[in-house]
Amino acid sequence: VQLQASGGGLVQTGGSLRLSCAASARTLSTYVMAWFRQAPEKERQFVAAVNWNDGTTYYSDSAQGRFTISRDTAKNTVSLQMNSLKPEDTAVYYCAAERGFYTRSPNNYGYWGQGTLVTVSS
């Protein structure tokens with residue numbers, strides 16, 4: 001699976017951004033797709049995930065209620081709509097994929113996109 005992330009940028013506190021991740025694969029039906037983020041000098045952190053097969057979604061506490069992950073099965077894309085952004089959301093955001101069950105550990109994902117920078121100014 002190859003992943004290509006896009007959509008990062010600079011936004012003010014309270015603003016919104018939409019990240020997209022295009023996946024190239026014969027089928028994604030057995031995959032979990034996820035977004036992670038990594039701020040400078042911090043560990044990579046789970047943000048949200050979606051089961052490709054049935055659309056079940058999962059969120060970190062910090063993302064719950066502000067971010068929405070979705071998938072487009074026709075286009076093989078997964079998106080992350082981020083609203084009410086805060087300076088602490090500033091990070092490089094990565095999309096990731098792996099076969100099997102949902103997990104929050106980045107170590108369990110074998111496929112990664114290149115990352116897209118999100119900067120939230122105060």
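A cation-pi arrangement, defined by a distance under 6.0 Å to the six-membered ring centre and an angle within 45 degrees of its axis, is present between Arg44 and Trp112.
Within the 4.5 Å cutoff, no side-chain heavy atoms of Val32 are placed close to those of Thr103. Looking only at side-chain heavy atoms (C-beta outward), Val47 and Phe67 come within less than 4.5 Å of each other. Looking only at side-chain heavy atoms (C-beta outward), Ser70 and Val78 stay at 4.5 Å or farther from each other. With a 4.5 Å cut-off on side-chain heavy atoms, Thr30 and Asn53 do not count as touching.
The CZ atom of Arg37 sits 14.0 Å away from atom CD of Glu43, with the distance rounded to the nearest 0.5 Å. Rounded to the nearest 0.5 Å, atoms CG (Leu3) and OH (Tyr111) are 9.5 Å apart. Annotation: the span from Ser24 atom OG to Gln4 atom CD amounts to 9.5 Å, rounded to 0.5 Å. The structure places SG of Cys21 at 5.0 Å from CE of Met33, a figure rounded to the nearest 0.5 Å. Put simply, CG on Leu117 and OG1 on Thr90 are 8.0 Å apart, with the number rounded to the nearest 0.5 Å.
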Under the side-chain contact (heavy atoms from CB on, under 4.5 Å) criterion, do Lys86 and Arg66 qualify, and how do the steps go? CA-CA 10 Å; Lys86 306 174 183 179; Arg66 298 189 300 129; 3.8 Å; yes
Thr119/Val11 under side-chain contact (heavy atoms from CB on, under 4.5 Å): CA gap, chis, key distance, verdict: CA-CA 6 Å; Thr119 304; Val11 64; over 6 Å; no
What do the steps show when you test Leu28 against Asn76 for side-chain contact (heavy atoms from CB on, under 4.5 Å), and what is the final call? CA-CA 8 Å; Leu28 293 170; Asn76 271 14; 3.8 Å; yes
Might you work through the side-chain contact (heavy atoms from CB on, under 4.5 Å) test for Met82 and Ser16, ending with a clear yes or no? CA-CA 5 Å; Met82 304 186 293; Ser16 299; over 6 Å; no
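Among Tyr102, Trp35, Tyr59, the single residue meeting the ring pair (Phe, Tyr, Trp, His ring centres under 6.0 Å) criterion with Phe46 is Tyr102. Each of Leu17, Leu10, Leu80 was evaluated against Val118; a single residue qualifies, Leu17, per the side chain to side chain contact (heavy atoms under 4.5 Å, CB included) test. If you run ring pair (Phe, Tyr, Trp, His ring centres under 6.0 Å) between Tyr109 and each of Phe36, Tyr31, Tyr94, only Phe36 comes through.
The salt bridge (charged side-chain N to carboxylate O under 4.0 Å, His left out) test applied to Arg18 returns no partner, not counting sequence neighbours.
By the neighbour-count criterion of 12 heavy atoms within 6.0 Å, atom CD of Gln114 is densely surrounded, having more than that number from other residues, nucleotides or ligands.
Side chains of Asp72 and Thr77: a donor-acceptor N/O pair is absent below 3.5 angstrom, by distance only.
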